[in-house]
Amino acid sequence: MDARRVVVPWKCNRSGDARLAYATDLADMLDAELETLPGASKEDVRLFDFESDDILVAPWQVSEDVTTLIPFDESGLLLRGLEHKVLIPLSGDWSGLYATREVMPLLRRLGFSIVFWHSTWRDLRVSSAEPRDHMLASAKVTEVQAQDIAREYGVGFESLVETAETIDGGLVFAACLHRCPLIVMARGRNTVLGSYVDDVLEGSHIPVLIMGREAEAY
Amino acid sequence: MMKRMRNPFVVMGIVLAMYFVKVSTKLGVGYSINSTMIQGDGWHNVSDIFEALMVIVMVWLAARPRSEEYPLGRKNAESLVSAAIGAMLIFMALKLAAESVLGLLAWIPALTSSIDAVNPFHRDTLIVGEPGSGLFWLALAVTGGSGLISLVVGCYQISSGKRGGHESLVADGNETLSDSVIEFVTCVGVLSEYFLHQPRLEYVFTLAVAVKLALTGRELFCKGFYTLLQRSLDSGAMTSIRDEVIATCGVVKLADLKAFRIGDVAIIIMKLHTRAPLSATRQMKKSLAVRIGRRLQKFGFAGADPYIRFDAPTPDWHRDAYAIASIDGEERISASIFSADRLRFCNVPDGNVTRASDTQTPSELPRIVALLARKKVRTVLVFGEGVESERAACRAAGIEYRSADFNDPRVYRCARRRR
C-alpha cells in the first residue's frame, strides 16, 4: 500500500471542510495526488474507481477493499503537535500483522514510528502482575513477527501489553495516552459478525486508518 | 526498611529525638560555661519540639481519607503548617538581621557603649577558656556537632517529605536546615573568638544567614498561603495543562479551566467542547488525567486530579450575503453591492448553508451596510475585486467584503440555484 492518491468526498459543511483539510494535509505529507469529489454521497463514492494505492478520507468505509482513513473532526495529521507515531493493535490472529505490513511504506514516507498494542485477558493460573506474563503463545508469536516486519522496513517501534477492560476502550485510551494521532487497523478475516474496527469507530475520537483487504491476502 | 524510614511519623520521631538531645546538651553546656548564646539556642530548640509535634498532628490530619464533608481531603492542613513555619522563619530572619546590624555597629568603638545600652539582643560572648582547654572543645563540639546533625536530619526530612508528598515535612525540613546554618555560624563565632579574639565576626555571617532565611521563609509562607486561598497554579503549569488538552484529538475548545493546589496534588476543573461520543470522552478523560499528571510533575506536583465536564461546541452560526444581479434574465453574482438588484442572505450554521432569502438592495451605500449589519452578516461576496469604497464601508461595520470563490460549492448552492 503506497498511497499515491488521496481521495476525499467533500460537502459544504464543517466536517466536510475539516475532512478536506485533513486530506490535503495528508496528500502534502505523502507527496500524493489529491482527488476531491465535491458533493459526493456515500453511493457516489462506492461507485468511484479506486486503485489499490488509494487512501479514501471519508466519514465511512464504503468497501472493505478500500483503505479508508476516518478523520472524525480532525483537520490535519500533526496539527495538534502530537507524536510522530501510530498505534497498531495486535492480536493472536492475522489482522494486526496484515495492517503492520500494509502500512509500512506509508509510515516510512511519513517518518512515523509504531506503538504495538496488545491486550490480554488475565490468566488466573498466573500470579504475576505483569500483563506480558499472561499473553497467549500465539499472541507472543504475532508480536515478534510484527516487530520483525518493522525492523525489515527500518521503522521504529515500541510494544505495549495491557490487560484492558475492553479492547476498543483500551485501544483508544492507549492511543490517547501515548499521544498517537492515528490508529491503524485491519478487519479480521475470520470474523463473521461485528468487528473491533466498528467498535473503535463507534467510540474513538482519534483518526483511524483501516487497511483495505486485497483478494490475494485472503 | 527504607520504606519504613520514609514514613512521616518515623521521620518526625527521629526529628523529635534530635531536638531532645540538642535541648539537653545545649542547656547543660550553656549553663555550665555561662554562655547566653548557647542557652538561647537551646531554648529555641524547645520551641522546635512544639513545632515538630504540630507537624505530626497535621500529617496525621492530612493523611485522613476523603469523606463527604471533605471531598478533596484535608491535605491543606499541611499548607497551614507551611505558612506558619514560613512566617516564623521570616520573623527569625528579621530578628537575626537586627541583632547582626546592632552587633556590627557596636564594633565601632565610639558607638559601643551607646549601642550596648539600647541593644535588646545584647549577649555575652562565649567563655571559651584558654586555647586547647576543655571548655573550648566542648563549645565547638556543641555548636558544630549540632549544626551537622541538623544538616543531615533536615535533608532527610525534605527528601522524605518530597517523596511522600508531605508539604509540612518539607517546610519543617527547611526550618531544620536553617537551624543548621545558624548553628554553623555560631560555631564560626566560637572559632573567631578563639583564633582572632573577634567574636563579632559572627555577625557578618549571621547577616547573610538572615537574608537566606528570609527568602526561604517567604517561599514557604507564599506556598502555604496560596494553597490555603486556592490560588490558581502559576502560568507555566496552566499553559502546560492547556497545551496537553488542546493536543488531544477530539477536543474542539478548552472552554473553562480552573486549577489550584491541594497538598501536592493539582485539582483541575475544566470544561471541554467536543463532538466525540460519550464512550470516547471516557477514554479522553482517563488519558488526560495521566498525561496532565505527568506534565505537572515537572512543576513539583505528585499528580493531578482533573474534574472534566464535556459539552457540545456552540454551532458557528453566521450569515453570508451575496450581491446578486439579473443579467439577460440570468442570475449572476454582481461585481459590487451597489450594482446588485438584491442581496441574498444565507444562514450558514457550521459552514453548511441551510437557508437563503432575498432582499432588495437599498439605494444608498450607508443603508446597505446598515442592512448587512442588522442581518448579522459576517461576509459579503461579490464577483471579482469589488469596489474599494464598499470594502472600506463594510470593514468599518466589521463585515468582511471579498470575492466569491468559484471553487467553493457553497457559491453555486447560494448564488446559482435559480436561473
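From a predicted model like this one, the values you see are computed outputs, not experimental measurements. Note that these values count all heavy atoms, side chains included, but never hydrogens, waters or copies made by symmetry.
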Would you call [X]-[Y] a salt bridge at under 4.0 Å N-O?
X	Y	answer
B/Lys258	B/Asp256	yes
A/Glu143	A/Arg132	yes
B/Lys375	B/Asp320	no
A/Asp73	A/Arg19	no

- Quick check, are the ring centers of A/Phe72 and A/His205 under 6.0 angstrom apart? no

- Task: Look at B/Arg282, B/Lys285, B/Lys286 and state which one has the largest set of heavy-atom pairs under 4.5 Å with chain A.
- Result: B/Lys286

- Task: Heavy-atom distances under 4.5 Å only: say whether A/Ile206 touches chain B with side chain, backbone, both or neither.
- Result: both

- Sequence neighbours excluded - side-chain hydrogen bond (donor to acceptor under 3.5 Å, both in side chains) pairs with any residue from residues 110-119 of chain A: A/Trp117-A/Glu162

- Query: Under 4.5 Å, heavy atom to heavy atom, which residues of residues 232-246 of chain B contact chain A?
  - Reply: B/Glu244, B/Ile246

- Query: Parallel, tilted or perpendicular: which fits the ring planes of A/Phe50 and A/Phe48, with parallel below 30° and perpendicular above 60°?
  - Reply: perpendicular

- Residue among A/Ser204, A/Pro181, A/Gly81 with most heavy-atom pairs under 4.5 Å to chain B: A/Ser204

